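Everything on this sheet refers to the single structure shown next.
In what follows, every chain begins at residue 1, and chains take the letters A, B, ... in the order their sequences are listed. Not measured: the values here are computed from a predicted model.
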Amino acid sequence: MANLIIKVIEDLKISLAQSINEAIKDGKLLDNKIPDINIEIPADRAHGELSTNIAMVSARVFRNSPLNIAKIILDNLIVDKSLIEKVEIAGAGFINFFLSQKFFSDCLLEIKSMGQDYGKCDYGKNKKLMVEFVSANPTGPMHMGNARGGALGDCLSSVLKLAGFDVFKEFYVNDAGNQIEKFASSLDVRYRQIIEGENNVILPEDCYQGEDIKDLAYEFYKIYGEKYLSCDVKERKSKLVEFALPKNIDRMKKDMKKYNIFFDNWFHESLLYENDDVNKVIKMLSDKGLTYELDGAIWYKATQFGLEKDEVLVRKNGIPTYFASDIAYHYNKFKVRNFDICIDIWGADHHGHIARLKSAMESLDIDSSKLHILLFQFVRLVKSGEVVRMSKRTGKAIQLSDLLDEVSADSARFLFNIKEPNTKMDFDLDLAVKEDSQNPVYYVQYAHARICSILRSVPDSVREKLEKGNVCLDVLTSSEERQLIYNMALYTMQIISCARDFDPTRITKYVIDLATDFHKFYNAHKVIFDDDEIMLARIYLCICVKIVISNILRLFKISIPEHM
RNA sequence: GCGCCAGUAGCUCAGCAGGAUAGAGCAACUGCCUUCUAAGCAGUAGGUCAGGGGUUCAAGUCCCUUCUGGCGUACCA
């Protein structure tokens with residue numbers, strides 16, 4: 001499945017290494033260790049399609065000038081002339097490679113023959129990987145942060161899958177512990193307020209203040225009336241939670257569906273309590289002498305591992321902390337379900353949790369480097385140049401569902417994947433609903449629709465020739481055509497680099513670039529015109545661009561319009 | 001105070017494992033549709049890459065430091 005450009009680069013590295021070894025053998029270069037050979041993509045195509053800085057990097061090792069070293073390497077260098085037509089030394093000692101017309105033609109043949117599979121590779125082969133994302137608290141509605149995390153997590157999962165990983169997507173439902181207790185108390189107060197009057201029952205400050213709690217209590221009241229007013233508090237609370245929690249979880253599932261996100265599993269935190277897993281990991285830590293009791297609480301000796309302070313595992317009220325159950329959860333991911341790599345996507349406000357979780361994992365003999373935490377910074381919603389905090393319609397804090405009422409899932413998924421996760425972002429509502437080129441998702445979709453339009457106007461006679469396969473691609477020599485082909489040639493490498501860095505946002509930028517290359521080509525050249533040979537080649541090129549663009553849109557679950 | 005993240009054109013941001021002359025879009029100005037979708041393209045103008053040191057053949061990119069902003073520093077999650 002080796003992709004053409006990747007193969008060319010690998011071969012080139014071998015050739016360069018051979019050439020250098022040859023020169024060492026001949027005494028032309030000092031017999032020292034050769035630095036790693038890097039092949040780069042020059043920013044300026046005047047410098048060729050590929051280049052290496054090996055002569056500069058090795059100047060010190062060989063105690064020679066970069067230009068001399070480059071000359072010596074070039075003297076011995078044997079490359080595949082059918083794919084690399086020119087090699088030159090430039091600048092301070094770069095060695096630049098110019099790819100042949102055959103390479104460009106072969107790229108198109110590869111794309112066309114792989115079709116929907118173009119971009120697939122085995123970079124992550126045999127690696128079982130989990131992406132856990134969104135994992136919104138089920139005590140309330142989902143917010144803008146969940147929207148960003150959701151788009152990032154889902155698209156990252158797709159990229160990793162394409163890169164060959166065995167990907168499992170999970171939503172962690174925090175349906176246990178302290179915040180459920182808080183949820184219960186909040187519901188309880190609201191329920192009693194309905195019956196006894198708002199002024200007669202006070203909502204404590206540490207309860208959830210949101211309107212959604214009131215709504216849930218009211219729904220409960222509509223069904224059961226005052227039935228649970230006089231019963232035991234504990235029973236009332238548990239009835240309220242039993243009623244409200246599934247409703248919230250259902251709503252999250254609906255929101256996710258609307259957002260085109262489907263999880264392989266919704267993992268309930270409560271399961272860790274039912275199976276006593278939380279107590280088990282606490283006991284494991286205790287058995288290693290890593291816990292102690294103070295003020296009625298059980299603490300983890302985090303300071304023993306260089307962290308700032310020790311952390312509570314079990315509160316004095318007996319309820320384990322989020323930290324404790326998260327240790328159990330990650331123990332489950334690695335030691336029970338045997339994932340090789342786990343990626344957690346968190347809002348940046350959780351970053352303080354990383355060090356202690358990793359520390360606890362190491363204490364449980366789990367290699368914490370297998371856990372990657374992807375942090376994303378906060379999102380602000382902006383409309384008409386102003387920050388929007390509340391929904392005008394409902395008067396409540398902006399929720400994910402409000403966003404999706406205004407903005408298409410296509411637009412939201414794309415725009416949340418434009419900015420690198422670890423930078424703050426303003427989500428521009430005006431831009432997101434705009435159906436023109438300013439909205440990058442339309443810009444890309446438009447390129448696809450344009451191609452479809454061209455393909456629709458291909459004359460039947462030409463279509464027949466195309467199907468017979470009599471296409472000579474060597475006539476695609478203009479700078480626009482070459483740029484377009486070369487960019488498509490790099491797609492698989494882009495996928496690998498995104499998978500390596502766990503960053504889906506580069507693919508978004510890549511497809512925008514590709515769309516630009518296509519629009520430029522479109523304006524510079526006519527596809528349907530009187531020269532059959534060139535027409536056939538350009539149609540073939542268009543088909544390939546359509547393949548790559550639609551592969552990416554499909555990857556990100558964004559619609560692929562044929563007309564716009 | 002300490003820790004994490006950020007600071008690039010008037011605005012919003014790219015800059016992919018340090019590479020060649022720092023790039024887009026928006027806003028401003030100028031062109032390109034009797035010809036495959038102008039939701040497009042070409043051009044002009046716009047910069048002390050927050051400041052200062054350092055490492056390197058080469059620094060927006062790495063290190064140190066100062067300044068500015070966000071977040072964290074709970075028996076919240």
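Proximity of residues 174-185 of chain A to RNA chain B (heavy atom under 4.0 angstrom from any strand atom) is restricted to A/N174, A/N178, A/Q179. Against RNA chain B, the stretch residues 63-73 of chain A makes no heavy-atom approach under 4.0 Å. Taking a 4.0 Å limit (strictly below) on heavy-atom distances, residues 511-524 of chain A reaches RNA chain B at A/H519, A/K520, A/Y522, A/N523.
Using P as the reference atom, B/G72 and B/U65 are 24 Å apart when rounded to the nearest Å. Taking atom P on both B/U44 and B/G25, the two are 12 Å apart, rounded to the nearest angstrom. One C1' atom belongs to B/G18, the other to B/C13, and the distance between them is 22 Å to the nearest Å. B/C5 sits 25 Å from B/G47 when the C1' atoms are compared, rounded to a whole Å. Comparing the same atom, C1', in B/G19 and in B/A58 gives a spacing of 6 Å after rounding to whole Å. Comparing B/C4 with B/C62, their P atoms are spaced 15 Å from each other, to the whole Å. Atom name P, nucleotides B/G60 and B/G52: the rounded distance is 13 Å, in whole Å. Comparing the C1' positions of B/U8 and B/U68 gives an interatomic distance of 15 Å, to the nearest angstrom.
Salt bridge present: A/E132 and A/K333 bring a charged side-chain N and a carboxylate O closer than 4.0 Å.
Ring stacking is absent between A/H351 and B/G72, as the pair misses the limits of under 5.5 Å between centres and under 30 degrees between planes. Stacking of A/F94 onto the six-membered ring of B/A20 is present: less than 5.5 angstrom between centres, less than 30° between planes.
A/K309 has no side-chain polar atom (N or O) that falls below the 4.0 Å cut-off from OP1 or OP2 of B/A74. In this structure, A/Y443 reaches the B/C41 phosphate: one of its side-chain N or O atoms is under 4.0 Å from OP1 or OP2. A/R450 has no side-chain polar atom (N or O) that falls below the 4.0 Å cut-off from OP1 or OP2 of B/A39. Using a 4.0 Å cut-off, some side-chain N or O of A/K419 falls inside it from OP1 or OP2 of B/C13.
When rounded to the nearest whole Å, the span between CG of A/N317 and P of B/C76 equals 8 Å. Per the geometry, NZ belonging to A/K424 stands 14 Å off C1' belonging to B/U12, to the nearest Å. Between the C1' atom of B/G15 and the CD1 atom of A/I418 lies a distance of 15 Å, rounded to the nearest Å. Between the P atom of B/A20 and the CD atom of A/E40 lies a distance of 9 Å, rounded to the nearest Å. Nucleotide B/C16 holds its P atom 9 Å from the NZ atom of A/K509, rounded to whole Å. Separating the CG atom of A/L541 from the C1' atom of B/C36 is a distance of 14 Å, rounded to the nearest angstrom. Regarding A/E420, its CD atom lies at a distance of 14 Å from the C1' atom of B/A17, rounded to whole Å. Between A/D426 atom CG and B/A6 atom P the separation is 17 Å, expressed in whole Å.
Annotation: cation-pi geometry satisfied between A/R450 and A/Y522 (NZ/CZ under 6.0 angstrom from ring centroid, within 45° of ring axis).
A 4.5 Å side-chain heavy-atom check between A/L30 and A/R63 finds at least one atom pair inside the cut-off. Taking the side chain as every heavy atom from C-beta outward, A/L313 and A/I327 approach each other to under 4.5 Å.
Between A/Y329 and A/F267, the ring planes are tilted. Angles from 30° to 60° get that label. Note: A/F183 and A/Y208 have perpendicular aromatic rings, judged against thresholds of 30 and 60 degrees for the angle between ring planes.
Here the side chain of A/E308 is nearest to one of B/C16, B/A77, B/U73, namely B/U73. When distances run from any side-chain atom of A/M564 to the nucleotides B/A39, B/A77, B/C75, the shortest one goes to B/A39. Closest to the side chain of A/K526, from the set B/A77, B/A6, B/U35, is B/U35. For A/R315, counting side-chain heavy atoms from C-beta on, the closest listed nucleotide (B/A77, B/A6, B/U73) is B/A77. The listed nucleotides are B/A20, B/G19, B/C71; the one nearest the side chain of A/D349 is B/C71. You'll find that the side chain of A/Q494 is closest to B/C16, out of B/C16, B/C75, B/U35.
Side-chain atoms of A/N53 and base atoms of B/G19 include a donor and an acceptor less than 3.5 Å apart. A/N96 contributes a side-chain N or O that forms a donor-acceptor pair with the base of B/A20 under 3.5 Å. Side-chain atoms of A/R500 and base atoms of B/A17 include a donor and an acceptor less than 3.5 Å apart.
Judged purely by distance below 3.5 Å, without hydrogens or angles, the side chains of A/E481 and A/H525 never pair a donor atom with an acceptor atom. With 3.5 Å as the limit, one finds a donor-acceptor pair spanning the side chains of A/N3 and A/T492. Between A/E420 and A/T423, the side chains place no donor N or O within less than 3.5 Å of an acceptor N or O (distance only, hydrogens not considered). Counting only N and O atoms by type, the side chains of A/H47 and A/N96 include no donor and acceptor under 3.5 Å apart. For the residue pair A/Y442 / A/S411, no side-chain donor-acceptor distance below 3.5 Å is found, with atom types taken as modelled.
Taking A/A184 as the reference, A/K237, A/V241 meet the side chain to side chain contact (heavy atoms under 4.5 Å, CB included) condition, with sequence neighbours excluded. Remark: A/D310 engages A/Y292, A/T303 in a side chain to side chain donor-acceptor pair (under 3.5 Å) (not counting sequence neighbours). Judged as a side chain to side chain donor-acceptor pair (under 3.5 Å), and not counting sequence neighbours, the contacts of A/D501 are A/R506.
If you check every strand for non-hydrogen atoms under 4.0 Å, A/E562 touches a base.
Between atom OG of residue A/S325 and atom NE2 of residue A/H330 there is a gap of 10.5 Å, rounded to the nearest 0.5 Å.
Its glycosidic angle being within 90° of 0, B/C33 falls on the syn side.
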